[in-house]
Amino acid sequence: MKTHLLKRKYLLILCAVILVAVSVAGVLATRRALKREQQPQAKGETTLPLIISRVKNLEVIGATLERAGQPDAEVVLEIQNNSDLAVTALAIESGDEINSAGTSTYNDDDDGNPSIIIKPHGTITVRMLISNLIPDTALRVAGVTYADGTEDGDKSALGTIRGQRAHDKTEREARKGAKNP
């Protein structure tokens, strides 16, 4: 009878040890998975993200991934302006309204006047490091400003373009003031 109780005792202890080991392994696996989710997009990306245009008259006519698998891999987009208006600013973003990353392309002269970056029915090539993109989200042509002052695209992207231009204008004026005391 004592051996029967001893076997039950050892069996109970063995089950407890196995339960603790499985629990610890589960917690460690969960922590590793959470760390992976919080890291930026993996270096060495080998596939292009989904690419869309939120601008009616701008079309992505080419998309390639250069240096695939390398830390400095780049998405290279060729964008065509299908309108009769020249483009003076362009925003390309990945992510959503809460968490986004991207680039704004424009060229204002020393007086703050916008320069044309895409002629009517012309194209532009834009490069972005894939490591700067928000993982698992589309890359989108998010906003545009035309030479006549009209805009099209996501409100947040257009706000970013306006804000960056205003910031650059303030810096230009500050530099001019410093040169002409």
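Keep in mind the model is a prediction, meaning the values are calculated, not measured. Computed over heavy atoms, backbone and side chain alike; hydrogens, waters and symmetry mates excluded.
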Distance, nearest 0.5 Å, that separates [atom1] of [X] from [atom2] of [Y]:
{"X": "Q164", "Y": "T103", "atom1": "CD", "atom2": "OG1", "result": "9.5 Å"}
{"X": "I124", "Y": "I79", "atom1": "CD1", "atom2": "CD1", "result": "7.0 Å"}
{"X": "H121", "Y": "S83", "atom1": "NE2", "atom2": "OG", "result": "6.5 Å"}
{"X": "Q80", "Y": "T123", "atom1": "CD", "atom2": "OG1", "result": "7.0 Å"}
{"X": "T88", "Y": "I117", "atom1": "OG1", "atom2": "CD1", "result": "7.0 Å"}
{"X": "R162", "Y": "K155", "atom1": "CZ", "atom2": "NZ", "result": "10.0 Å"}

Query raised in the report: Do Y106 and I118 share a hydrophobic cluster, counting only Ile, Leu, Val, Met, Phe, Trp and Tyr and linking them when any side-chain heavy atoms are less than 4.5 Å apart?
Result: no
Report task. Determine, using the 4.5 Å side-chain heavy-atom cutoff (strictly less than), whether I116 and V144 are members of one ILVMFWY cluster. Result -> no
Report task. Could you tell me whether a side-chain N or O of S115 sits under 3.5 Å from a main-chain N or O of N107, the two making a donor and an acceptor? Result -> yes
[X] to [Y] - nearest heavy-atom pair and separation:
{"X": "A86", "Y": "P120", "answer": "N-CG, 3.8 Å"}
{"X": "G102", "Y": "M128", "answer": "CA-CE, 3.8 Å"}
{"X": "T137", "Y": "S94", "answer": "OG1-CB, 3.7 Å"}
{"X": "L158", "Y": "D152", "answer": "CD2-O, 3.6 Å"}
{"X": "G95", "Y": "R140", "answer": "O-NH1, 3.0 Å"}
{"X": "D148", "Y": "T150", "answer": "OD1-OG1, 2.7 Å"}

Report summary line: Between L90 and the options T145, V141, I161, the side-chain contact (heavy atoms from CB on, under 4.5 Å) test singles out V141
Requested in this report: Can you spot which of V126, I92, T64, L48 makes a side-chain contact (heavy atoms from CB on, under 4.5 Å) with V75?
Outcome: L48
Requested in this report: Sequence neighbours left out, what passes side chain to side chain contact (heavy atoms under 4.5 Å, CB included) with N132? Give chain and number order.
Outcome: L129
Query raised in the report: Under a 4.5 Å cut-off applied to non-hydrogen side-chain atoms, are D72 and I130 in contact?
Result: no
Donor-acceptor pairs under 3.5 Å, side chain of residues 50-58 to any protein atom, not counting sequence neighbours: which ones?
{"unit_1": "S53", "atom_1": "OG", "unit_2": "V55", "atom_2": "N", "d": "3.2"}
{"unit_1": "S53", "atom_1": "OG", "unit_2": "V55", "atom_2": "O", "d": "3.0"}
{"unit_1": "S53", "atom_1": "OG", "unit_2": "L58", "atom_2": "O", "d": "2.8"}
{"unit_1": "R54", "atom_1": "NH1", "unit_2": "D154", "atom_2": "OD1", "d": "3.3"}

**Report entry** Full working for side-chain hydrogen bond (donor to acceptor under 3.5 Å, both in side chains) between Y146 and N81
**Finding:** CA-CA 10 Å; Y146 293 103; N81 176 6; 4.9 Å; no
